[in-house]
**Q** 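Before I ask anything, here is the structure I am working with.
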Amino acid sequence: MSFFCHLKGQMDTPETTSKSREKVLTFEELRGLRERLPGKKIVQCHGVYDVLHAGHLSYFHSAKQFGDILVVTITADQFVNKGPGRPYFTAKVRASMIAALQDIDFVAISDYPTAVPSIEALQPHYYVKGPDYRDKSKDVTGGIYAEEAAAQRHGGELKFTEDETFSSSSLINRFFINWSEDQQKTIARVQELGGEAAISKVLDRVSQQKILVVGEPIIDTYRFCMPENISSKSPSISARFLYEENYAGGALAIANHLADFCKEIHLLITHGNEPFFRNLLKEKMDERIKLHEYPIPSVPTPRKTRYIAVDKAQRIFEITDLRSDQWSANSALDFSKNMVQLCRGVDGVVLADFGHGLFEGAVLNATQDIQNPFIALNVQTNSSNYGFNIFRKHKRFNYLSMDTKEARIAYHDRYSAPIDIGRRARKDLAAMGASVAMTLGSNGSYVFPGGAETEHSSPAFADQVVDATGAGDAFFCLTACLIKAECPPDLVPFVGNVFAGLKTKIIGNKSAVSKAQLIKAIGSILK
């Protein structure tokens, strides 16, 4: 039975719906519900509701008392950023469970990251939250303010229940998620160090930092296709083009990630000044970033075009448009002088060397003249610079982050254990007192503090990986700020891995991971 047929037959008493499946509406069916039920007061609750428990039942029952019709909107799976294993149940299952409750009149799945679009669609008389939201300043996302404003725009009112709250996350962690032994040990170690409160204090210190990011911008072009068959002319895959999206990658992505964490972010780049790139800067960059740019029209902005099978986000193949000779025919003097000058006005410098020609010649030499107490370095290996771009070309830095392959190439070492390579790097960099981090992909990461003979590890906290592109960049830039903020070494790889894990849920660099998302994920894991 459709929603409209159901509504027609039950207009006077829609709360008496006998079949829970008839309570589940499409998002579009939310629109106009208020007008279709004249004289009825509409109440809305919104959330994830992954595991229903007594707290939810009390909350829904209390919310229903504010009006006549209770509508529950739930967050779609792809927008549940609460760490690995979340959501435990799919949106369809969650909607069915909620619809089976007596107090619920209608349920809808919201394909948006926040509650605001569902409030705008439904226009409830009352939007109801639990008592833990009464102090709005404690909402780490700040979303409660936008939700209240959305309700008020249409004559609605924000209300709070007084019921005892329970934690779905703690129930899921205790009964549903099978943490590995390494994950359990890491969680216990983090809790011993103060858990969420300790991490929050470090992030508060990070929020006071002024950071300069220097590096190559990369345009990540994703061309989504539908593979069809083997070509009749040759043994190659034939794919039908569907659509294209351009993302801000490389140093652009790093700056976007840090914009939500730091007091001030400066970004120094060169680029080819192409019209589409200028448009990308306008549309994809966080407006809080202070951009310092050096257009070089004769050298194209680095671009990687990936052809993606749309159904599973799998790569078919990649085409690159990269040059590493931008300074061979262009003077690097002004850029180098400006880089050194900008470094004097910030608390820390992040050098993102993607090996596409920026850190060569005069610019590479000028990095030794940087007058700043903290320089973080990431030197990447990729298909276009394989073996030519290693961290040893840089002579001064305080923190180095690299993946296992980059470390093996730098030391021409195929077989040693990653921990031994990391120890070797720390020993070689002892004169600088530099800390070293090694990322191990799905196996987590190591951090080797400078000036100490200890190492600190954390397993990965990621599942349902959508795209690993940019996860290493995310780990690097946030851990750099954590180390600058004198974060306890045991917390660094844990926080970095959670952050990188959240990044793997995002296709390409379509969006940055926010501070609120990180805090919520950490809170869910530690409950």
**Q** Taking the six-membered ring of F276 as reference, does the NZ or CZ atom of R303 fall below 6.0 Å from its centre and within a 45° cone about the axis?
**A** yes
**Q** Under the criterion ring pair (Phe, Tyr, Trp, His ring centres under 6.0 Å), which of F476, F494, F261, F461 is the partner of F499?
**A** F261
**Q** Taking the side chain from D260 and the backbone from K515, do they hold a donor-acceptor pair closer than 3.5 Å?
**A** yes
**Q** With under 30° as parallel and over 60° as perpendicular, where do the rings of F277 and H271 fit, or are they tilted in between?
**A** tilted
**Q** Give a yes or no answer on whether the side chain of N497 reaches the backbone of S458 with a donor-acceptor pair at less than 3.5 Å.
**A** yes
**Q** Have S180 and D182 got a donor and an acceptor in their side chains that come within less than 3.5 Å?
**A** no
**Q** Which heavy-atom pair separates A239 from C225 by the least distance, and what is that distance?
**A** CB-CB, 3.8 Å
**Q** To the closest 0.5 Å, what do you measure between CD (E216) and CG (L358)?
**A** 5.0 Å
**Q** Any donor and acceptor pair, going by atom type alone, linking the side chain of T301 with main-chain N or O of G272 inside 3.5 Å?
**A** yes
**Q** Would you say Y386 has more than 12 foreign heavy atoms packed within less than 6.0 Å of its OH?
**A** no
**Q** Could you tell me whether I419 atom CD1 has more than 12 heavy atoms of other residues or ligands within 6.0 Å of it?
**A** yes
**Q** Tell me the closest heavy-atom pair linking A352 and I254, and the distance in Å.
**A** CB-CD1, 3.7 Å
**Q** Using the salt bridge (charged side-chain N to carboxylate O under 4.0 Å, His left out) criterion, which residues pair with K393? Sequence neighbours excluded.
**A** D353, E360
**Q** Does R94 come within less than 4.0 Å of D77, counting only side-chain N to carboxylate O?
**A** yes
**Q** Output the distance between atom CD1 (I289) and atom NE2 (H266), rounded to the nearest 0.5 Å.
**A** 11.0 Å
**Q** Should the pair F224 and Y222 be assigned to parallel (<30°), tilted (30 to 60°) or perpendicular (>60°) ring geometry?
**A** tilted
**Q** Without swapping roles, check the side chain of R408 against the backbone of R414 for a donor-acceptor pair under 3.5 Å.
**A** yes
**Q** Would you please say whether a donor-acceptor pair under 3.5 Å links the side chains of D403 and T439?
**A** no
**Q** With rounding to the nearest 0.5 angstrom, report the OG to NZ distance, S457 to K185.
**A** 10.0 Å
**Q** Keeping N273 on the side-chain end and P297 on the backbone end, is there a donor-acceptor pair under 3.5 Å?
**A** no
**Q** Restricting to non-hydrogen atoms, name the atom on T75 and the atom on Y112 that form the minimum distance, rounded to 0.1 Å.
**A** CG2-O, 4.3 Å
**Q** Look at the side chain of N389 and the backbone N and O of Q380, then say whether any donor-acceptor pair between them is shorter than 3.5 Å.
**A** yes
**Q** Looking only at side-chain N and O atoms, does Y247 offer a donor or acceptor that is under 3.5 Å from a partner on E245?
**A** yes
**Q** Between I74 and A95, which heavy-atom pair has the shortest distance, and what is it?
**A** CD1-N, 3.6 Å
**Q** Side chain to side chain contact (heavy atoms under 4.5 Å, CB included) between R288 and I265: does it pass, once the steps are laid out?
**A** CA-CA 7 Å; R288 293 169 289 188; I265 294 295; over 6 Å; no
**Q** Kindly indicate whether the side chain of V346, heavy atoms from C-beta on, has any atom under 4.5 Å from the side chain of I211.
**A** no
**Q** Taking the basic N atoms (NZ, or NE/NH1/NH2) and the acidic carboxylate oxygens, is any pair closer than 4.0 Å for D428 and R392?
**A** yes
**Q** Report yes if the side chains of T367 and R396 come closer than 4.5 Å at any heavy-atom pair, otherwise no.
**A** no
**Q** For E274 and P300, work out which heavy atoms get closest and say how close.
**A** OE2-CA, 3.3 Å
**Q** So do the side chains of F397 and L429 get within less than 4.5 Å of each other, counting heavy atoms only?
**A** yes
**Q** When rounded to the nearest 0.5 angstrom, what is the spacing between CG in L377 and OH in Y399?
**A** 10.5 Å
**Q** From N246 CG over to K284 NZ, what is the distance, rounded to the nearest 0.5 angstrom?
**A** 7.5 Å
**Q** Quick one: do R323 and D325 make a salt bridge, cutoff under 4.0 Å?
**A** yes
**Q** Taking all non-hydrogen atoms of both residues, which atom of H456 and which atom of D490 are closest, and how far apart?
**A** ND1-OD1, 3.0 Å
**Q** For a 4.5 angstrom cut-off between non-hydrogen side-chain atoms, does V379 reach M402?
**A** no
**Q** Do R423 and D420 have side chains that approach each other closer than 4.5 Å (heavy atoms only, starting at C-beta)?
**A** yes
**Q** I522 and side-chain contact (heavy atoms from CB on, under 4.5 Å): which single residue from I525, I519, L518 fits?
**A** L518
**Q** Output the distance between atom CG (D467) and atom NZ (K505), rounded to the nearest 0.5 Å.
**A** 13.0 Å
**Q** Can L280 and L252 be said to form a side chain to side chain contact (heavy atoms under 4.5 Å, CB included), step by step?
**A** CA-CA 10 Å; L280 182 138; L252 306 180; 3.9 Å; yes
**Q** Set out, in order, the CA-CA distance, both residues' side-chain angles and the distance that settles side chain to side chain contact (heavy atoms under 4.5 Å, CB included) for C487 and V495, then state yes or no.
**A** CA-CA 10 Å; C487 178; V495 176; 5.7 Å; no
**Q** Does some side-chain heavy atom of V190 sit less than 4.5 Å from a side-chain heavy atom of L526?
**A** yes
**Q** Hey, is the main chain of C262 close enough, under 3.5 Å, to the side chain of Q209 for a donor-acceptor pair?
**A** no
**Q** Counting only heavy atoms from other residues, nucleotides and ligands, does the tally under 6.0 Å from CD of E181 exceed 12?
**A** no
**Q** Would you say M432 and N398 make side-chain contact, with heavy atoms under 4.5 Å?
**A** no
**Q** Backbone N or O of G450 within a donor-acceptor pair of the S435 side chain at under 3.5 Å?
**A** yes
**Q** Is there a donor-acceptor pair under 3.5 Å between the side chain of N382 and the backbone N or O of F354?
**A** yes
**Q** Between L30 and F106, does a side chain to side chain contact (heavy atoms under 4.5 Å, CB included) hold up when you go through it step by step?
**A** CA-CA 9 Å; L30 290 178; F106 298 108; 5.9 Å; no
**Q** Main chain of D334, side chain of N338: is a donor-acceptor contact present, judged purely on distance under 3.5 Å?
**A** no
**Q** Within a strict 4.5 Å, meaning less than it, do heavy atoms of the S445 and F475 side chains meet?
**A** yes
